[in-house]
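Just so you know, these numbers use all the heavy atoms, side chains as well, and skip hydrogens, waters and symmetry mates. Residue numbers start from 1 in every chain, and the chains themselves are labelled A, B, ... in the order their sequence lines are given, proteins ahead of strands.
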Number of protein chains: 2
Amino acid sequence: MTIRQNGGVMNTKDRKQREIQEREAKILECARPMFIEGGYNGLNMDRLTSMLEYSKGTIYNHFSCKEEIIITLAIQTLEKRLTMFEKASLFQGTSRERIAAIGTAAELFVKLYPDHFRVEQTIRLDSIWDKTSEERRQVMSNCEHRCIGVVGGIVRDGIASGDLNLGETTVPEEIVFGLWSLAFGGYSIIATSNSLTDLGILNPFETLRRNYHRFLDGIQWNPLSSEVDYDAVFERVCEEVFGNELQQISV
Amino acid sequence: MTIRQNGGVMNTKDRKQREIQEREAKILECARPMFIEGGYNGLNMDRLTSMLEYSKGTIYNHFSCKEEIIITLAIQTLEKRLTMFEKASLFQGTSRERIAAIGTAAELFVKLYPDHFRVEQTIRLDSIWDKTSEERRQVMSNCEHRCIGVVGGIVRDGIASGDLNLGETTVPEEIVFGLWSLAFGGYSIIATSNSLTDLGILNPFETLRRNYHRFLDGIQWNPLSSEVDYDAVFERVCEEVFGNELQQISV
DNA sequence: CACCATTTTGACGGATCGTCATTTTTTGTC
DNA sequence: GACAAAAAATGACGATCCGTCAAAATGGTG
């Protein structure tokens with residue numbers, strides 16, 4: 001009897017919870033294209049209200065301000081990236097091939113979610129960042145840290161296996177920082193600048209791939225790119241690890 | 001007589017012109033800290049009006065919208081960067097030392113104008129970018145292109161002098177893209193992420209420097225970092241080329 | 001001083017964010 | 001099912017801020 005009552009109560013609460021979750025998903029689903037279309041100003045709370053079947057107050061029950069919606073959009077895709085990184089890190093191969101697998105994941109991620117950078121760049125502007133809740137900022141940081149952690153783990157594996165020898169003056173995190181800079185900078189430039197085509201770089205993604213292999217050659221992470229065809233590794237990772245995701249886009 | 005008249009007219013016009021220039025400078029001078037303080041929303045046109053001794057309409061005679069002010073702020077610092085790059089490229093030394101000099105210039109630039117990135121990131125958001133005038137966008141592109149050109153020139157010098165051999169499958173622009181990615185990504189991460197200190201990287205600027213030398217080692221741009229103390233080159237460039245600028249900051 | 005051209009002014013319209021008093025719905029109880 | 005209390009939803013409203021434009025001020029000229 002008590003059990004039944006409890007059960008009943010829980011079911012009701014669960015249903016409520018689920019409804020709230022679903023509504024939140026709907027809000028985000030509607031907000032994303034609005035943001036993609038016109039950025040921070042394009043995401044119009046009045047228009048969002050009129051497009052959804054909920055009133056303003058209801059939406060503000062879910063998200064205390066516009067910025068909270070935007071950071072949640074960022075978190076949604078960041079979580080997808082984390083999943084892709086983790087999947088890539090399981091690739092069977094040398095430590096350097098596994099780093100290449102992460103690079104592949106990063107590239108496929110920006111191709112699958114080409115608008116993610118825009119969202120993240122907006123969020124990182126202090127004027128926006130400061131209005132978001134500490135809670136959601138934590139979630140975002142956590143995602144970032146875990147992505148970094150995956151890469152760091154592979155660097156340490158490389159050292160442990162003897163493929164990589166950093167010497168005594170270098171810590172693995174410096175290499176993570178280097179790869180991260182190359183990737184973040186490269187994808188940002190690709191996304192926001194016309195100068196690349198002006199420069200005559202026809203396939204920027206391929207060039208970026210070759211650039212991080214140049215960096216890895218520079219620290220002599222074996223086997224070097226002169227010994228292994230890392231383009232082929234890229235193709236293999238695309239197929240073997242991300243075959244499913246890839247059906248959606250043309251690489 | 002005609003000459004005198006002309007002279008007089010010209011003087012009046014010149015004075016007018018000068019006054020307009022000066023006013024424009026004042027507007028920007030007042031707008032910059034406001035933007036730095038609170039970003040896009042922090043730059044408040046009403047407040048700007050009340051702080052300056054000019055009315056709203058007058059300000060809108062200079063800049064047709066808020067975004068035009070912001071892009072002009074970006075252009076102001078971009079021009080300083082171009083000057084620093086050009087100065088650095090004249091450094092006497094091997095081609096690789098000259099690239100290191102550009103790296104030094106880039107680092108000193110972000111230290112001298114730590115808020116520039118914020119301004120540039122804001123401008124690059126499509127929602128802002130689209131509202132700026134084609135004219136000012138051209139000026140900005142031009143600055144960027146000339147900076148890239150300086151770097152490209154040194155790469156080609158390196159090839160010509162035999163310090164660098166890219167082979168037949170690589171064009172110099174790919175290397176420019178690589179260095180640019182590393183720098184842009186690295187400085188962005190330094191500016192907007194706490195993860196670096198979390199990672200245990202105590203001196204991110206030094207690490208970034210070492211990272212681009214790793215990249216340059218990877219393409220075997222001679223002399224390699226194992227043969228030359230590029231930290232010492234950095235110091236020399238700071239002193240010999242940028243001694244004046246450096247008095248303002250602590251490196 | 002009178003007249004025209006140019007520049008400056010700031011009140012105002014319009015857009016948009018977030019609030020909160022009011023209304024509606026849900027829950028719990030007899 | 002009827003009713004009260006709690007919870008949730010509503011949307012009109014206040015506040016803020018951008019950019020405009022009719023009117024006023026300024027400056028040059030005969």
Exercise for review: Could you list by number each residue of residues 42-49 of chain B showing a heavy-atom separation from DNA chain D of less than 4.0 Å, or answer none if no residue does?
Suggested key: B/Leu43, B/Asn44, B/Met45, B/Asp46
Check your understanding: Heavy-atom contacts under 4.0 Å between residues 50-63 of chain B and DNA chain D, which residues?
Key -> B/Lys56, B/Tyr60
Point to revise | Side-chain heavy atoms of B/Phe35 within contact of B/Thr122, under 4.5 Å | key: yes
Listed by chain and number, what are the side chain to side chain donor-acceptor pair (under 3.5 Å) partners of [X], not counting sequence neighbours?
X: A/Tyr54; value: none
X: A/Glu134; value: A/Gln138
X: A/Asp46; value: A/Lys56

Check your understanding: Which residues satisfy the salt bridge (Lys or Arg N to Asp or Glu O under 4.0 Å) test with B/Lys66, sequence neighbours excluded?
Key -> none
Exercise for review: Figure out the OH/P separation between B/Tyr40 and C/dT16, and round it to whole Å.
Suggested key: 12 Å
Review point. A/Ile20 CD1 to D/dA9 C1': how many Å, rounded?
Key: 12 Å
Study note, to complete from the structure: Sorted by chain and number, sequence neighbours left out, side chain to side chain contact (heavy atoms under 4.5 Å, CB included) with B/Asp126 holds for A/Arg118, B/Asp130
Check your understanding: What salt bridge (charged side-chain N to carboxylate O under 4.0 Å, His left out) pairs are there with at least one residue in residues 139-153 of chain A, not counting sequence neighbours?
Key -> A/Glu86-A/Arg146, A/Arg124-A/Glu144
Point to revise | Sequence neighbours excluded, every pair satisfying side chain to side chain donor-acceptor pair (under 3.5 Å) that has a member inside residues 26-38 of chain B | key: B/Arg32-B/Gln76
Revision key, fill the gap. So ring pair (Phe, Tyr, Trp, His ring centres under 6.0 Å) across residues 114-143 of chain A, not counting sequence neighbours, yields A/Phe109-A/His116, A/Phe117-A/Phe184
**Study point:** Contacts of A/Phe215 that satisfy ring-ring contact (aromatic ring centres under 6.0 Å, His included) - sequence neighbours left out
**Key:** none
Exercise for review: Ignoring backbone atoms, establish whether B/Arg23 has a side-chain N or O less than 4.0 Å from OP1 or OP2 of C/dT7.
Suggested key: no
**Study point:** Nucleic acid contacts of residues 125-140 of chain B, taken as heavy-atom distances under 4.0 Å to DNA chain C
**Key:** none
